[in-house]
Each structure stands twice: as C-alpha cells, then as structure tokens.
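Here the structure comes first, spelled out in structure tokens, and everything after it is commentary.
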Amino acid sequence: MNQNPYSTALLAWYQANARDLPWRRSDASAWSILVSEIMLQQTPVARVLPAWEAWLQRWPAPADLAAEPPGEAVRMWNRLGYPRRALNLHASACAIVERHGGEVPSTYPELRALPGVGAYTAAAVASFAFGGRHAILDTNVRRVLARAHTGVQYPPKAPTRSETELAESLLPADAAVAARWGVAIMELGALVCTARSPACADCPIASQCAWRLAGKPAHDGPPRRAQTYAGTDRQVRGRLLAVLRDSEGPVPKDALDAVWNEPIQRERALDALVADGLVDPREDGTYALPG
DNA sequence: AAGACGTGGAG
DNA sequence: TCTCCAAGTCT
C-alpha cells in the first residue's frame, strides 16, 4: 500500500495515546481548526486552549469576526504572543467572507493564499479539516524525521527541500490514512520524541530509529543560538501594545512613553507597530488599536 | 535568505 | 537565574 515502514505501529500508538484536544473532535469546524493552527504557531498547546475556547465562543464563524474591527481581534488575542497573527486571522476572516462565501476553503492553494497561512498551516488545515493528502512538516515532524531517518538529534534550522521530499515519500497513499498519519507523527514528536528528553522507551518506532541505533549522537555543528528578548524592540512592542489592549479607548502618547525610557528605541518600536497595522495613530495625537 | 516577530513555562 | 523552546510566516 505504501513504502512507509512504520505506518502501522505509529497509527496504533496514536490511537492509544492521542490527546483529546478540542480542535481534533469530529464536530470541530474548519474555522475552529484554522483558528487553532494559527494560535499554535510557536505557541504551546496549554496556552492556546483557553484562548481558543474564548475566541470561538465569541466568533463561531468567519463572518462573526469579519464583522468587527481588527483591533478587537488584537485585544482578544491578549498575551498569546505574535499579535500580527490576530490581524492575519481577522484579514483571513474577511477574505473568507469575500472570496469563499463565508466558508473556509478546502484546497491547499486557497488556504495558502490567506494571510498568515504558510506551507505548514495550509497543509494542516487541508488535511485535518478536509481529509486532504498533504505532507505535514512542523517542528515536531521535522525532529522525528531527523532522528528516525537521518540519524541526527535535530533538524536543520529552516525546512529544506529534502525534508519535504522525505515527508512526502512517507505519506500513505490513501488520503484518509495520510491525514491520520500526519497528526500521528506530529503527536509522536510532541509527546515522545521531544526536543530535550525523548522518551525512547515509549516510542513505537524506536527499533527503527536511526538516531537511537547510532547511539544518540549529540547535535553536531554550531550551537543553536537562542533568541534574545530582554531589551529588544520586540519587548518594547509588547509593552506598547499591552497598554492599548488594556485600555478601553485611545490612549495619550504619555501613557505609551511611560513603558520604555529609551526614546529612540521607543519611537522606532511604535512606528513599526503603526506600519504593521497593529496601532492606529489618531489625528488628535492619541493612539488606539486599529478600528 | 538570515532575521524579525511575543510570551511564558520548564529544567 | 538563564537558556531553551513551543503545531511558523513574512520580508
């Protein structure tokens, strides 16, 4: 049926060990799945759970969100991080209403065309919401493939062509099986084949894992540089936006000036937020979330 | 095609 | 405390 050597073991493992996440339930709408995928970008499941519930309760369909100003999406996003995702979700909702009659599109190209929807998210929604046959290549899958197939501890910094080709070569032929296999290998990376301390004893494909068989050699190459945060523009942007989020209406410039004492950096961060459409400078000199 | 882009929990 | 990292995307 396919050349995937551990499909059966992986599927069985998933059957027995998958988390009961709300966006995986059979009654989850395509919209709710899209929302979950955007929220989960670079953000842990535990923090997404409550945000996802609140979001869907307020905006059960794309049209509900599209009917509100983008600033409300940013406010609702709260402290999930990367607030441009809220803007993208709002813009996606508008596009879905305008171009797709209010229904989340089902094909990869249509999904990929939505703002904030890249290769991973388009494949994930097409697969998880619509049962399409697409290779899922997120950080979990990339790590599993790096270990099981390539025999190294960590995947390359950025996704490569060969990783995509490997993932596609492993895809079960049947679309429904492929969709299930996609979540399964992702779940394996999230629960067992983790970044720091993989639980190889619990791994259904341990006997075929190239990295384990090689004695789990440590990562070879330059250290994976951690992202700095303290003192960066990102931190300033975060503080600036928090003031606007926590305020009912427009705020005077003084309130923004108070969050950071270095004026050059502060102005640069504010200008960038305005350029990104996350902050709306008003004629009276005050600032607000976009209306 | 490196680097920017938030936030908070775990070890 | 400090580093790492969590279902990426965009420029």
Side-chain angles (χ1 to χ4, degrees), chain A residues 18-19 21-24 28 32-52 74 77-89 91-92 111-129 134-144 153-161 163-164 167 179 182-191 193-198 219 222-245 259 265 268-269 271-273 275-279:
Chain A
R19 290 169 291 182
L21 301 174
W23 46 82
R24 281 182 184 162
S32 77
I33 291 172
L34 173 60
V35 172
S36 79
E37 290 301 337
I38 299 292
M39 287 185 169
L40 286 162
Q41 291 169 1
Q42 302 285 282
T43 308
V45 168
R47 287 177 50 211
V48 167
L49 249 10
W52 182 86
V74 175
W77 199 254
N78 199 19
R79 304 186 67 82
L80 256 195
Y82 293 141
R84 59 180 50 172
R85 291 183 292 167
L87 233 35
N88 286 152
L89 211 33
S92 284
L111 288 161
R112 182 66 184 77
L114 298 173
V117 176
Y120 162 74
T121 303
V125 174
S127 178
F128 305 157
H134 301 275
I136 305 300
L137 201 62
D138 77 323
T139 188
N140 291 304
V141 177
R142 295 183 61 222
R143 190 172 52 247
V144 172
Q153 188 176 19
Y154 298 119
K157 300 237 179 300
T160 62
R161 180 61 173 279
E163 283 182 278
T164 301
V183 260
I185 190 168
M186 192 165 31
E187 190 77 335
L188 184 69
L191 299 183
C193 194
T194 59
R196 283 182 172 155
S197 48
H219 173 69
R224 316 184 330 145
R225 203 173 86 228
Q227 53 185 355
T228 55
Y229 182 65
T232 62
D233 287 11
R234 288 158 82 169
Q235 182 179 26
V236 185
R237 288 167 57 111
R239 288 195 185 182
L240 254 15
L241 204 56
V243 172
L244 297 178
R245 250 192 343 248
V259 306
Q265 185 178 29
R268 184 172 67 227
D271 287 348
L273 285 172
D276 287 349
L278 283 162
V279 172

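What you see below is based on every heavy atom in this structure, not just the backbone, and it leaves out hydrogens, waters and symmetry mates. Order of the sequence lines sets the chain letters (A, B, ...), proteins ahead of strands, with each chain counted from 1.
One interatomic measurement links the two molecules: CZ of A:R79 to P of B:dG9, which rounds to 11 Å at whole-angstrom precision. Residue A:Q235 contributes atom CD, which lies 14 Å from atom C1' of B:dC5 at whole-angstrom precision. Across the protein-nucleic acid pair, A:R85 atom CZ and B:dG6 atom C1' stand 8 Å apart, rounded to whole Å. Summarising the geometry, the separation between CZ on A:R239 and C1' on B:dC5 is reported as 17 Å, rounded to the nearest angstrom. Atom pair A:Y229:OH and C:dT1:C1' shows a separation of 18 Å (rounding to whole Å applied). The CG atom of A:L89 sits 16 Å away from the C1' atom of B:dG6 (whole-angstrom rounding). A:D233 has its CG atom 12 Å from the C1' atom of B:dG3, to the nearest Å.
Between the side chains of A:N88 and A:R85, no donor-acceptor pair is found at a separation under 3.5 Å. Looking only at atom types and distance, the side chain of A:Q41 has no donor-acceptor partner in the side chain of A:Y120 under 3.5 Å away. For the residue pair A:T232/A:R237, the side-chain donor-acceptor check at 3.5 Å is not satisfied.
Nucleotides B:dC5 and C:dC5 have their C1' atoms positioned 15 Å apart, rounded to a whole Å. Going from the P atom of B:dG3 to that of C:dA7 covers 23 Å, rounded to whole Å. Taking atom C1' in both B:dG8 and C:dT1, one finds a spacing of 15 Å when rounded to whole Å.
Using a 4.0 Å heavy-atom criterion, one finds that A:R234 contacts the bases of the nucleic acid, with or without backbone contacts as well. Within the 4.0 angstrom heavy-atom criterion, base atoms lie near A:L80.
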Inset, instruction - If a protein heavy atom is under 4.0 Å from the base, mark B; if only from the sugar-phosphate, S; if neither, -; do that for nucleotides 2-11 of chain C going 5' to 3'. - result: -BBBBBBSS-
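For A:R19, the side chain to side chain contact (heavy atoms under 4.5 Å, CB included) partners two or more places apart in sequence, or in a different chain, are A:L21, A:R24, A:V45, A:E187, A:A190, A:L191.
With values rounded to the nearest 0.5 angstrom, A:E37 atom CD is found 6.0 Å from A:T121 atom OG1. The distance from the CE atom of A:M186 to the CG atom of A:D138 is 5.5 Å, given to the nearest 0.5 Å. Atom CG of residue A:L273 and atom CG of residue A:L244 lie 8.0 Å apart, to the nearest 0.5 angstrom.
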